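Bear in mind that the values here come from a model prediction, so they are computed numbers and not experimental data. Quick note: residue numbers are just sequence positions, from 1. We use all heavy atoms of the structure for the numbers below, so side chains are in, but hydrogens, waters and symmetry mates are not.
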Amino acid sequence: MFAFFLVSGFCSLVYQVVWLRLAMASFGVTAPMVAIVLSTFMAGLALGSWGAGRLARREQVSAALPLRLYALAELCIGVGGAVVPDGLVVGRNWLESSADVAWGSLRHYLASGTCVALVLMPFCGCMGATFPLAMWAIRRLRLALAARSFSYLYLANVLGAALGTLASAYVLIELLGFRGTGLLAAALNTLLAALALGLSLSRAAHSEAASRTPDPHARAASSDPGAPRSILWLLFSTGLASMGQEVVWVRQFTPYLGTVVYAFATIVALYLGATFAGSWAYRRWQRDADDRRLSAWLWPALALSALLPLVSADPRLPMEGLLGGVGRVSLGIGPLCGLLGFVTPLLLDRYSRGDPARAGRAYAVNVLGCILGPLLAGFLLLPRLGERGALAALALPILGAGPLAAKLAAAGRVRTAWAAAMVGAALLIGATRDFANTFRRREVLHDRVATVIATGKGRSKRLLVNGKGMTSLTPITKLMVHLPLAFSDATPRRGLVICFGMGTSFRSMLSWNIESTAVELVPSVPRLFGYFHPDGPRLLRSPLARIVVDDGRRFLERTRDEYDVITVDPPPPVEAAGSSLLYSREFYALASRRLRPGGVLQQWLPRGDGLVFASFTRALAESFRSVRAFRSLRGFGMHFLAGDRPLPPLTPAELAARLPPAAAADLLEWGPATSASEQLAIVLDQEVAVSELLQMAPGAAALSDDRPVNEYYLLRQAWSR
């Protein structure tokens, strides 16, 4: 069973990574959508655990039946690994055909959530069912560890989950893609099902005797007066606090780890690794301790450790570079996760005493807290209180659970421990600073997606999202608009900017006096338009200006408008998690449908290795009849122009003549040239043949949602050294 749950935990985290990403590709990279997917995943675990626990109340069954049901659950999970990707695509296609469901509306989120729930819930329910089913099998087989079987299985499951996080992020997805990684996990679940079924057959001789023998563990657990319902509140509060804080940690540590997938995988792996260490310590502690005792120091230590990220995320802490970032995360979340790894199985063992029905109920309550925590943190606490306030608020459920835990403790100086914890908490809150304090001149906004900082003055102004610089005031962002509009083969009437940033490209598009729409994922970013451009508020009052807060890809799926120009500048770096959804072949298929005949797509690619350039170029070439590429000012980055027909062979002077006077003035606002034709010539003279870009990696496949080569690159870089 330990081996089963090690592999099963591995597969579950692989599925969570893969299914979340595939759902984002189908329904949008928005905070509500991510919350919907994760909540569906956790709700399935809760329902499955509760349902299987009720089933496990049956006593007069053979010892083989629970094992066979466990095998069936693993088989169903494996089926999910194979069918969920296609199921999400079917849901997206159905949603696209529902013209009466407007994008960005409550109805759209309800419809998207329904699709996700219908596809994921059955298989997530099977994942949740594995715990009570395995405990039922252990109890029916009369194994000595039955009374503490949850913590035993939990230990294996958490270790497997940590390995699954690392393997999927660092190895499997780069080698196999998302679908291939899911199929590998499906094969492992199928193997578990076969092994469990074989084990059940080997127990056939034992089954009949077990079915006639009363189960002492079940009767002891059901009549145990020492398992108060207050334990359920403790489990709920720890689930809520831990998962809510995980949302906060991502924001806090992004300035030090970056936005690449490996940064997020590192946080999750450290979380699970510390949880495993705490669970292992609990199993060791139980050898010499009465499991009825909850020590007096444990809950005060939990409350205090919940605030340690305030220390490790303080910019004054002398920990720099990637290793310093990992050190910050370890210092910040390690103690809390270790203590949670200790207390969660302790409470579940204490409540269930090996009874799978009680364990299923208690685990479901813990998971319900895990569902509510991220929603509370992401939609209420972070937008209103910021990271520091959210951390303090999420420590309150643990503080509130303290008196309940104290009643369960057999002894201990509870008041002294809590007084010390309160003094320590006050010191942590008062003595630490957050990342925004690094900047003397700043405007800071918090919303459900990110913390946004505007800082600097003049041409040195900067925009940071979750501590990472997005863009600067550069003429390159102007060329992203003026270049494709000048090449447009008819008088442009409507343009679209995907990714608002500082608003420079949007401002340049308005200088053409055309209908201009900008789509931005982070709600607070457009609110800072006036900080970067003093004329921003006036421009927003124009009837031609429209800003939409949404995922750019999802906007293209839902809108029925056609555009003369679509310009795309995904947030840096090229390796950022989720960025490939705005570089992939599937994205360009959407964009091509929203371009009018003769329209032009402009895509900016700042950098990348040979495989990224070749894979990206092939995705464009397979989606559009005509593609041209130009290095930008000072040779930094590259403008790609694509459309359904070749661009007209115009000289810089002819292109400059197409610019309205306001557009020409906007193009030259920050130089470096003194005339529009000279400015355009700098770029046109640096054209790069598409064939040359493809030859950088001749065998590279087109960048796709399934194979985001720009995001997953560690193995490639290691082999190239």
Asks: For a 4.5 angstrom cut-off between non-hydrogen side-chain atoms, does R283 reach P345?
Replies: no

Asks: Name the atoms and distances for all side-chain donor-acceptor pairs under 3.5 Å in residues 36-49, with sequence neighbours left out.
Replies:
residue : atom : partner : partner atom : Å
S39     : OG   : A35     : O            : 2.7
T40     : OG1  : I36     : O            : 2.8
S49     : OG   : G360    : O            : 2.9

Asks: Apply side chain to side chain donor-acceptor pair (under 3.5 Å) to T190 and list each qualifying residue two or more places apart in sequence or on a separate chain.
Replies: none

Asks: What do the steps show when you test Y351 against R361 for side-chain hydrogen bond (donor to acceptor under 3.5 Å, both in side chains), and what is the final call?
Replies: CA-CA 10 Å; Y351 186 81; R361 183 187 315 137; 3.0 Å; yes

Asks: Determine the minimum heavy-atom distance between W249 and I267, stating which atoms define it.
Replies: O-CD1, 4.4 Å

Asks: For the ring pair F5 and F131, is the centre-to-centre distance below 6.0 Å?
Replies: yes

Asks: One pair to check against side-chain contact (heavy atoms from CB on, under 4.5 Å): Y271 and V329. What are the steps and the verdict?
Replies: CA-CA 9 Å; Y271 175 100; V329 176; over 6 Å; no

Asks: With side-chain contact (heavy atoms from CB on, under 4.5 Å) as the criterion, how do L581 and R21 come out once you've worked through the C-alpha distance, each side chain's angles and the decisive distance to 0.1 Å?
Replies: CA-CA 10 Å; L581 296 175; R21 178 54 178 269; 3.9 Å; yes

Asks: For A185 versus C11, what's the shortest heavy-atom pair and its separation?
Replies: O-SG, 3.5 Å

Asks: Write down the atom of A56, the atom of A357, and the distance for their closest heavy-atom approach.
Replies: CB-N, 4.4 Å

Asks: Please set out all donor-acceptor pairs under 3.5 angstrom arising from side-chain atoms of residues 71-88, sequence neighbours excluded.
Replies:
residue : atom : partner : partner atom : Å
E74     : OE1  : N189    : ND2          : 2.8
E74     : OE2  : S8      : OG           : 3.1
E74     : OE2  : Y70     : OH           : 2.7
D86     : OD1  : R179    : NH1          : 3.1
D86     : OD1  : R179    : NH2          : 3.2

Asks: Quick check for you: to the nearest 0.5 Å, what is the distance between I173 atom CD1 and L715 atom CG?
Replies: 11.5 Å

Asks: Grab the two heavy atoms, one from F27 and one from C115, that are nearest each other, plus how far apart they are.
Replies: CZ-CB, 3.8 Å

Asks: How about W136 and L55: do any of their side-chain heavy atoms sit closer than 4.5 Å?
Replies: yes

Asks: Is the NZ or CZ atom of R448 both under 6.0 Å from the centre of the six-membered ring of F379 and within 45° of that ring's axis?
Replies: no

Asks: For residues 307-315, which side-chain donor-acceptor pairs fall under 3.5 Å, sequence neighbours excluded?
Replies:
residue : atom : partner : partner atom : Å
S312    : OG   : R328    : O            : 3.1
D314    : OD1  : R316    : N            : 2.9
D314    : OD1  : R316    : NE           : 3.1
D314    : OD2  : R316    : NE           : 3.4
D314    : OD2  : R316    : NH2          : 2.8
D314    : OD2  : R433    : N            : 2.9

Asks: Sequence neighbours left out, what pairs pass side chain to side chain donor-acceptor pair (under 3.5 Å) with at least one residue falling in residues 159-178?
Replies: Y170-T266

Asks: For the pair S242 (side chain) and G239 (backbone), establish whether a donor and an acceptor sit closer than 3.5 Å, ignoring hydrogens and angles.
Replies: yes

Asks: Any chance you could measure L133, atom CG, to L69, atom CG, to the nearest 0.5 Å?
Replies: 6.0 Å

Asks: Using the test side chain to side chain donor-acceptor pair (under 3.5 Å), find all partners of Q245 that sit at least two apart in sequence or belong to another chain.
Replies: none

Asks: Hey, does L348 have a side-chain heavy atom less than 4.5 Å from the side chain of Y154?
Replies: no

Asks: Quick one, S580 with D705, criterion side-chain hydrogen bond (donor to acceptor under 3.5 Å, both in side chains). Give me CA distance, side-chain angles, the key distance, then yes/no.
Replies: CA-CA 7 Å; S580 64; D705 290 347; 5.7 Å; no

Asks: List the steps and the verdict of side-chain contact (heavy atoms from CB on, under 4.5 Å) for L428 and L304.
Replies: CA-CA 9 Å; L428 288 177; L304 190 61; 3.9 Å; yes

Asks: Check whether R139 reaches the backbone of D355 with its side chain - one donor and one acceptor, N or O, closer than 3.5 Å.
Replies: no

Asks: Checking the side chain of N366 only, and the main-chain atoms of F236 only, is there a donor and an acceptor separated by less than 3.5 Å?
Replies: no

Asks: Flag the pair L317 / L331 as yes when at least one side-chain heavy-atom distance between them is below 4.5 Å, and no otherwise.
Replies: yes

Asks: Got a second to check how far L521's CG is from D551's CG, nearest 0.5 Å?
Replies: 6.0 Å

Asks: Specify the closest pair of heavy atoms between P572 and T259, including all atoms of both residues, with the distance to one decimal.
Replies: O-OG1, 4.2 Å

Asks: With a 3.5 Å distance limit and no angle check, can you tell me whether R251 reaches the backbone of G467 through a side-chain donor-acceptor pair?
Replies: no

Asks: Indicate yes or no: at least one non-hydrogen side-chain atom of L159 is less than 4.5 angstrom from one of W280.
Replies: no

Asks: Taking the side chain as every heavy atom from C-beta outward, state whether S151 and L155 have any atom pair closer than 4.5 Å.
Replies: no

Asks: Would you find a donor on one side and an acceptor on the other, under 3.5 Å apart, between the side chain of D706 and the backbone of F178?
Replies: yes

Asks: Taking side chain as C-beta onward, heavy atoms only, is L188 less than 4.5 Å from V14?
Replies: no

Asks: Sub-3.5 Å donor-acceptor pair from the side chain of N466 to the main-chain atoms of T254, do we have one?
Replies: no

Asks: Run the side-chain contact (heavy atoms from CB on, under 4.5 Å) test on Y15 and L120 for me, step by step, so that the C-alpha distance in whole Å, both residues' side-chain angles and the decisive distance to 0.1 Å come before the verdict.
Replies: CA-CA 10 Å; Y15 290 135; L120 298 189; over 6 Å; no

Asks: Provide the closest heavy-atom pair for A577 versus E711 in the form atom of the first, atom of the second, distance.
Replies: CA-OE1, 3.5 Å

Asks: Rounded to the nearest 0.5 Å, what's the gap from CZ on F150 to OG on S279? Could you check?
Replies: 9.0 Å

Asks: How long is the gap from OH on Y712 to CZ on R707, to the nearest 0.5 Å?
Replies: 12.5 Å

Asks: Is there a side-chain contact between L13 and L272, using heavy atoms and a 4.5 Å cut-off?
Replies: yes

Asks: Mind checking the CE-CD spacing from M127 to Q16? Nearest 0.5 Å is all I need.
Replies: 8.5 Å

Asks: Determine yes or no for a side-chain-to-main-chain donor-acceptor pair under 3.5 angstrom, with S237 supplying the side chain and L234 the backbone.
Replies: yes

